[in-house]
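Both backbone and side-chain heavy atoms feed into the values below; hydrogens, waters and symmetry mates do not.
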Amino acid sequence: MDPATYVDPELTIADHLVLETLVDKSLSQGQTKTTVGQRPSDEDVAQKLQDMNDASHPDFDPTIFQFWDTPVLRAKVPAALQRYVLQPYQKWAQAVVRFPTDVVMLTHLLLYFTTIVPSAMFLYYRFSWIHGILHWAMQLWYCGAFTLMKHQHIHMNGVLAPQYWLFDTLFPYLLDPMLGHTWNSYYYHHIKHHHVEGNGEQDLSTTMFYDRDNGLDFARYVGRFIFFIWMELPLYFWNKGQVRYACKAAFWELGNYLAIYCLYNYVNARATVFVLILPLTVMRCGLMVGNWGQHAFVDPIDPDSDYRSSITLIDVPSNRYSFNDGYHTSHHLNPRRHWRDHPVAFVKGKDRYAEERALVFRNVDYIFITVHLLRKNYLHLAKCLIPIGDQVNMTLEQRAEMLRSRTRKFPRDYGKKKL
């Protein structure tokens, strides 16, 4: 598979449309197919994407399941099943979720509360090693999508309609620990810290002061987060004069650890390992592996620019299964932007992306960006790069070297030099 030309059939309809605005040949199938030389205009694609998000438009396309786009469901599901199951579920769910596009959020909540919750309860009631391992495998399967649903939840103040505010507020306190998050830590670290600092020098998860292709630096980066974030985040808020946030961040983080300690020592140690401890360990590692890939390429010309310190992926795992998480630059440009609006925002702002020397990739996810960086496999990453702006005139080797230049660590006195 050549990542420079391969088109994954699992791409979402939105990603197919976006990709067609970035390349010169036909790339998609079915409703989005064009002929060679008939590249769609950015305006037409942006309008189509907007129509798909507009509940009043005939082309409205809600997301019901991650695995299948709605047109695929309508084409393949038997008519009786559509009439008596799929359509009534969609109608009911759209009245429950906050945005009519987001039926999938309710689908996920129903999935978690009918599988991982009763499974965890039974492990505490009657533990078995086989069940424990299968439960952990299920958690690993769920954790990425859940984290990005939670990401939507904390940025948009919930995922359900206002009348369901109580359940919308409380469900994370049950699901978060079982899927690797400590109580409210994601909110305080991501919303109140990361988006404030934007991978800058005061961001506790900044990549700036590490060589992003160095294994030892990567180990230091992950280790610092795992072992010290419980202390560093409250201290960050304290030093900023935000005493209330400091106390809350410390209370929820340490309170979660205390709950795990009590369950391990006084309830069921083996169940606690599989239900809480292993998910927490994997999630903390996964968050840092992902953040390393998201912010690995920082342009030394303007490292404070969201265009030049984050990237965009036209990618299957990040977009189909993780609520368009691949559009990370768009997210940093507007953290309150709804996940379904990222593709249209990218198309509308594509010229600005090119002017700002932004990076757009295909056929590689954040985790594998990290893997390829640690292997110093810049040629492969250059093949995955969709060239825009002045990148179009670069050779493959020049693109690889350009990527390499954006992974070098900044001096610790970077902030002083700016002054």
Under 6.0 Å between the ring centres of His342 and His328?
no
Less than 3.5 Å apart, any donor N or O on the side chain of His331 or Tyr327 sitting next to an acceptor on the other?
no
Can you find a heavy atom in the side chain of Trp292 that is under 4.5 Å from one in the side chain of Met288?
no
Going by atom types only, do Tyr221 and Asn291 share a side-chain donor-acceptor pair under 3.5 Å?
yes
Please tell me whether Tyr188 and Tyr236 form a close aromatic pair, meaning their ring centres lie under 6.0 Å apart.
no
Non-neighbouring partners of Glu355 that pass salt bridge (Lys or Arg N to Asp or Glu O under 4.0 Å), sequence neighbours left out:
none
To the nearest 0.5 Å, tell me how far Lys376 NZ sits from Leu374 CG.
8.0 Å
Just wondering, do Val7 and His16 contact through their side chains at under 4.5 Å, heavy atoms?
yes
Do Tyr89 and Ile64 touch side chain to side chain, with heavy atoms closer than 4.5 Å?
yes
When you check the side-chain N and O atoms of Asn363 and Asp8, is any donor under 3.5 Å from an acceptor?
no
Evaluate the side-chain proximity of Thr169 to Leu166: yes if any heavy-atom separation is below 4.5 Å, no if none is.
no
Between His153 and Tyr187, is the ring centroid distance below 6.0 Å?
no
Any salt bridge between Glu401 and Arg408, counting N to O under 4.0 Å?
no
Minimum heavy-atom distance Val273-Pro279, with the two atoms named:
O-CD, 4.0 Å
Among side-chain atoms of Asn199 and Ser309, is any donor-acceptor pair under 3.5 angstrom?
no
Ignoring hydrogens and geometry beyond distance, is a side-chain donor-acceptor pair present between Tyr210 and Lys409 at under 3.5 Å?
no
A side-chain contact here means heavy atoms from C-beta on lying under 4.5 Å apart; do Leu359 and Phe361 qualify?
yes
Is the shortest side-chain N to carboxylate O distance from Lys383 to Asp2 below 4.0 Å?
no
Taking NZ, NE, NH1 and NH2 as the nitrogens, is one of them in Asp168 or Arg98 under 4.0 Å from a carboxylate oxygen of the other?
yes
Taking atom types as modelled, is there a side-chain donor on Asp213 or Tyr378 under 3.5 Å from an acceptor on the other?
yes
Output field: ring centroids His155/His338 closer than 6.0 Å
no
Tell me whether Asp176 contacts the main-chain N or O of Asn184 through its side chain, where contact means a donor paired with an acceptor under 3.5 Å.
no
Whether Gln82 side chain and Arg74 backbone form a donor-acceptor pair below 3.5 Å
yes
Mark yes or no for whether Asp102, through its side chain, and Val104, through its backbone, hold a donor-acceptor pair below 3.5 Å.
no
Under 6.0 Å from the CZ atom of Arg375, do we count more than 12 heavy atoms belonging to anything else shown?
no
Whether Asn319 side chain and Leu313 backbone form a donor-acceptor pair below 3.5 Å
yes
Is it the case that Asp54 and Gln50 place a side-chain donor and acceptor less than 3.5 Å from each other?
no
Quick check on Leu170: does its CG atom have over 12 non-hydrogen neighbours (other residues, nucleotides or ligands) under 6.0 Å away?
yes
Locate the shortest heavy-atom distance separating Leu106 from Val97; write the atom from each residue and the value.
CB-CG1, 3.8 Å
For Phe227, does the CZ atom have more than 12 heavy-atom neighbours from other residues, nucleotides or ligands under 6.0 Å away?
no
Quick one: do Glu232 and Arg224 make a salt bridge, cutoff under 4.0 Å?
yes
Regarding His189 and His194, is there a side-chain donor-to-acceptor distance under 3.5 Å anywhere?
no
Minimal non-hydrogen separation, Pro387 against Val392, with atom names
O-CG2, 3.6 Å
Mark yes or no for whether Arg308, through its side chain, and Glu356, through its backbone, hold a donor-acceptor pair below 3.5 Å.
yes
Checking Tyr353 side chain against Thr312 main chain: does a donor-acceptor pair fall under 3.5 Å?
no
Is there a side-chain contact between His108 and Met105 (heavy atoms, below 4.5 Å)?
no
Residue pair Asp390, Arg357: steps toward the side chain to side chain contact (heavy atoms under 4.5 Å, CB included) verdict:
CA-CA 8 Å; Asp390 59 7; Arg357 302 177 66 202; 4.2 Å; yes
Heavy atoms, side chains only, cut-off 4.5 Å: are His372 and Cys384 in contact?
no
Take a 6.0 Å sphere around CZ of Phe368 and say whether it holds more than 12 heavy atoms from other residues, nucleotides or ligands.
no
Could you tell me whether the side chain of Lys350 and the main chain of Ala345 form a donor-acceptor pair under 3.5 Å?
no
Could you tell me how the ring of Trp68 sits relative to the ring of Phe65: parallel (under 30°), tilted (30 to 60°) or perpendicular (over 60°)?
perpendicular
Check: Phe99 ring centre within less than 6.0 Å of Trp339 ring centre:
no
Check Lys348 with Asp42, please: is the shortest side-chain N to carboxylate O separation under 4.0 Å?
no
Measure across Leu280 and Thr182 and return the closest heavy-atom pair with its distance rounded to 0.1 Å.
CD1-CG2, 3.9 Å
Closest approach of Pro100 to Gln94 (non-hydrogen atoms, all atoms of both residues)
O-NE2, 3.0 Å
For Phe228, is the CZ atom crowded, meaning more than 12 foreign heavy atoms sit under 6.0 Å from it?
no
Salt-bridge present (Asp69, Arg320; N to O < 4.0 Å)
yes
Report yes if the distance between the aromatic ring centroids of Tyr142 and Phe146 is under 6.0 Å, otherwise no.
no
Just wondering, more than 12 heavy atoms not from Met231 lying within 6.0 Å of its CE?
yes
Decide, yes or no, whether a salt bridge links Arg212 with Asp217 under the criterion of side-chain N to carboxylate O below 4.0 Å.
no
If you count the non-hydrogen atoms of other residues, nucleotides and ligands that lie under 6.0 Å from CH2 in Trp183, is the total more than 12?
yes
Verify side chain to side chain contact (heavy atoms under 4.5 Å, CB included) between Gln87 and Val77, making sure each step is shown before the conclusion.
CA-CA 11 Å; Gln87 292 174 3; Val77 173; over 6 Å; no
Could you tell me whether the side chain of Phe113 reaches within less than 4.5 Å of the side chain of Leu175, counting heavy atoms only?
yes
Using distance alone, with no hydrogens and no angle criterion, decide if Ser310 and Thr329 have a side-chain donor and acceptor under 3.5 Å apart.
yes
Thr370 side-chain N/O to Gly293 backbone N/O, donor-acceptor pair under 3.5 Å:
yes
SB check Lys240 Glu197 (cutoff 4.0 Å)
yes
Could you go through Ser318 and Asp325, starting from their C-alpha distance and side-chain angles, then the distance that decides it, and tell me whether this counts as side chain to side chain donor-acceptor pair (under 3.5 Å)?
CA-CA 5 Å; Ser318 294; Asp325 189 43; 5.1 Å; no
Could you tell me whether Phe127 atom CZ has more than 12 heavy atoms of other residues or ligands within 6.0 Å of it?
yes
Can His295 and Thr206 be counted as having a side-chain donor-acceptor contact under 3.5 angstrom?
no
May I ask you to check whether Phe274 and His135 place their ring centers less than 6.0 Å from one another?
no
Going through the checks in order, is the side chain to side chain contact (heavy atoms under 4.5 Å, CB included) test met by Leu174 and Val117?
CA-CA 8 Å; Leu174 177 62; Val117 171; 4.1 Å; yes
